[in-house]
Amino acid sequence: MQQLAIACEAIAATAKKLLKTGIVADYLKSRTTDEAAVSAIFLSGRVFPAWEETTLQVGGRSLWQIVAELSGRDEAELTAAYRRHGDLGAVAGEVLPERTGQSLTVLEVEQTFRQIAAARGPAAKAAIVRDLISRATPLEAKYIVKIITGDLRIGLKESLVEEAIARAYAATLAEVQLANMLLGDIGQTVRLASEGRLAQAEMRLFHPLGIMLASPIESAEEGLSYFAEAAVEDKYDGIRAQAHVANGEARFFSRTRDEITESFPELPDALAGLSQDAILDGEIVAWDYPAGHARPFSVLQQRLGRKKVSDKMLQETPVAFLVFDVLYANGELVMDRPLWERARILDDLLAAERKVAHHGGSEARSNRAQGKLAFGDQEEIAARVIRAPVFRAASPNELEELFAQAQERGNEGLMIKDLGSAYTPGKRGKSWLKMKRELATLDVVVTAAEYGHGKRVGVLSDYTFAVWDANKDKLLNIGKAYSGLTDAEIAEMTQWFLDHTVEDQGFRRVVEPKIVLEVAFNNMMESDRHESGYALRFPRIVRLRPDKSADEADTIERAREIFEKQSL
Ligand code: AMP
């Protein structure tokens, strides 16, 4: 573990990507295959391989207490150190005492992580973490804490680890990327690469793949400016879901790659009968079955995050899965195929499935209702899985018309997609564009919470929030808002912030940067009040975005784009 920590220090010390990947490649080659495999996972900022559902569930507060106890430092000293570093791992590295004796191996650390994950309850977990950190050198502890908190902060992303693997084992980057995507396990990718067997990596179903993302556009003209042939779909206001179907089983994953099947027990059955194994991409929405259209996001919200769904809820708030893409079918990954071809594969796949409502192909006529009465029989009216209708637009006028129709159906706006484009997981490009009602909203991360006034005096209701810098290394505060959430949401957030405080300043708490909010505002000004250099006028919280991880929040570049567009 000491060697890995030393390598991490060297990686942090250079900004040059080529040097970083060189250090990782040399380090991996100097280890046994087992050690290199585990190290690659840690270097990607993960505790366990991506496909595994195991999590540690060790909170920041608990780590803070362990570091305090083992270092003998008081709260004020630790807070001062935290202010200097802004990172609990670095604090641990500074304040923990040196120790002699045997250093830990990465394999021991990995095994201990498994014990922590298996332990039940915060106290049992904390005891194992304490023991692990007490056996580590300060430098080892620094990186163990960083791995536990899920952020190494050494400017290394999984994509750079992939490059390093290609360099270390003389493979091409494309081979490494494909194997890692199929397996969802960068450790296993190291093993195959070291044996020259990357080509043998096989798709592991039921591990979520990255999803393709969309870029916002500000006008209908812009919507047709990037590609010649556009497919247009409604933008449904629900939650993104990736469905994996194999051998009569279907499971659903969120955009943060969490499994969400339990929250939607009516969906798996509707897909389990597909004639082939498949990975589908779509949106889960609350659905008005008699009327045949989506209900507002606020209705769906009652269904989110539940482990047990009552019969009453199933009846009162039914959901539907609106499918708009296919990533894997017929035993093959189809992400490289152009959208028009994937659309055809998807139509065929769903047409073979009797329970799926569709519209006789992906080209739909404009219609107020969707996913209704396609064939007029009762079974289809009850369909839970609906092929999202696809429209075509050749002029800004047609696009405006479709936008108005989508809003009439209660949907958020439009998605405009390049028919010639491949499915690029995890990337936000110009192949998918989103046209929304509210032109300027930012997805931001809460960095601090304050107690409110009046009836909100006992709850943390005022939030300072931030966007990422261009490299996504650092959060830059951009504003503060205190309206928009319901009392129940504020109560829930208050508890979360109390449990995830990194610095208690009395009336204000600096919190773990994990909560994502969507904020709207009237306009934006340049200002030195916040680190970002911008301030928002009349910011308001549109909603919590529990479906997004902090990593997915907007960057300063997006803020600059909005600023520049509004000042045209
Ligand atoms: P946003 O969440 O505002 O970044 O907008 C992108 C999201 O819109 C996607 O991640 C999907 O969850 C959602 N969405 C709704 N309808 C569609 C659609 N037809 N195609 C793609 N994404 C959609």
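Counting starts at 1 for both ligands and their atoms, in listed order. Quick caveat, the model's predicted, so the values are computed rather than measured.
A cation-pi arrangement is absent between Arg306 and Phe264 under the rule of less than 6.0 angstrom and at most 45 degrees off the ring axis. Under the 6.0 Å distance and 45° angle rule, Arg456 does not count as a cation-pi partner of Tyr482.
Between Glu283 and ligand 1, a contact under 3.5 Å exists for at least one N or O pair. Among the atoms of Arg428, none of the N or O lies under 3.5 angstrom from an N or O of ligand 1. The shortest N/O to N/O separation between Trp432 and ligand 1 does not fall below 3.5 Å.
At least one side-chain heavy atom of Met181 sits less than 4.5 Å from a side-chain heavy atom of Met335. For the pair Leu333/Tyr328, a side-chain contact is recorded, criterion being any heavy-atom separation below 4.5 Å from C-beta on.
Note on ligand 1: Asp234 sits in its first shell, one or more heavy atoms being nearer than 4.0 Å.
For ligand 1, the atoms closer than 4.0 angstrom to any heavy atom of Glu233 are 18 (C), 19 (N), 20 (N). If you number the atoms of ligand 1 from 1 as listed, the ones under 4.0 Å from a heavy atom of Lys548 come out as 4 (O). Listed by atom number, the atoms of ligand 1 under 4.0 Å from Arg545 heavy atoms are 2 (O). Under a 4.0 Å criterion applied to the non-hydrogen atoms of Arg255, ligand 1 contributes the atoms 2 (O), 10 (O).
For atom 10 (O) of ligand 1, the nearest protein heavy atom (residue, atom name, distance) is Arg240 NH1, 2.8 Å. Atom 4 (O) of ligand 1 has its closest protein heavy atom at Lys434 NZ, 2.4 Å. Here the heavy atom of the protein found nearest to atom 16 (N) of ligand 1 is Tyr236 N, 3.0 Å.
To the nearest 0.5 Å, the span separating CZ on Arg251 from CD1 on Ile260 amounts to 12.0 Å.
In this model, a donor atom of one side chain and an acceptor atom of the other lie less than 3.5 Å apart for Thr256 and Asp258.
At a 4.0 Å heavy-atom cut-off, ligand 1 does not touch Glu412 at all. Contacts between Phe324 and ligand 1 below 4.0 angstrom, taking non-hydrogen atoms only, involve the side chain exclusively. Contacts with ligand 1 closer than 4.0 Å are made by no heavy atom of Leu213, backbone or side chain. By the criterion of a heavy-atom distance under 4.0 Å, both the backbone and the side chain of Lys235 are placed next to ligand 1.
Here Tyr463 and Phe497 bring their ring centres to under 6.0 angstrom of each other. Taking the six-membered ring for Trp, Tyr236 and Phe324 have ring centres at least 6.0 Å apart.
In this comparison of Glu552, Lys417, Lys436, the heavy atom closest to atom 3 (O) of ligand 1 sits on Lys436.
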Show which side-chain atoms of residues 242-249 pair as donor or acceptor with protein atoms under 3.5 Å away, not counting sequence neighbours.
from   : atom 1 : to     : atom 2 : distance (Å)
Gln242 : OE1    : Leu209 : N      : 2.8
Gln242 : OE1    : His244 : NE2    : 2.9
Gln242 : NE2    : Leu209 : O      : 3.1
His244 : ND1    : Phe206 : N      : 2.9

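A salt bridge links Arg387 and Asp347; the closest N-O separation between the charged side-chain nitrogens and carboxylate oxygens is under 4.0 Å.
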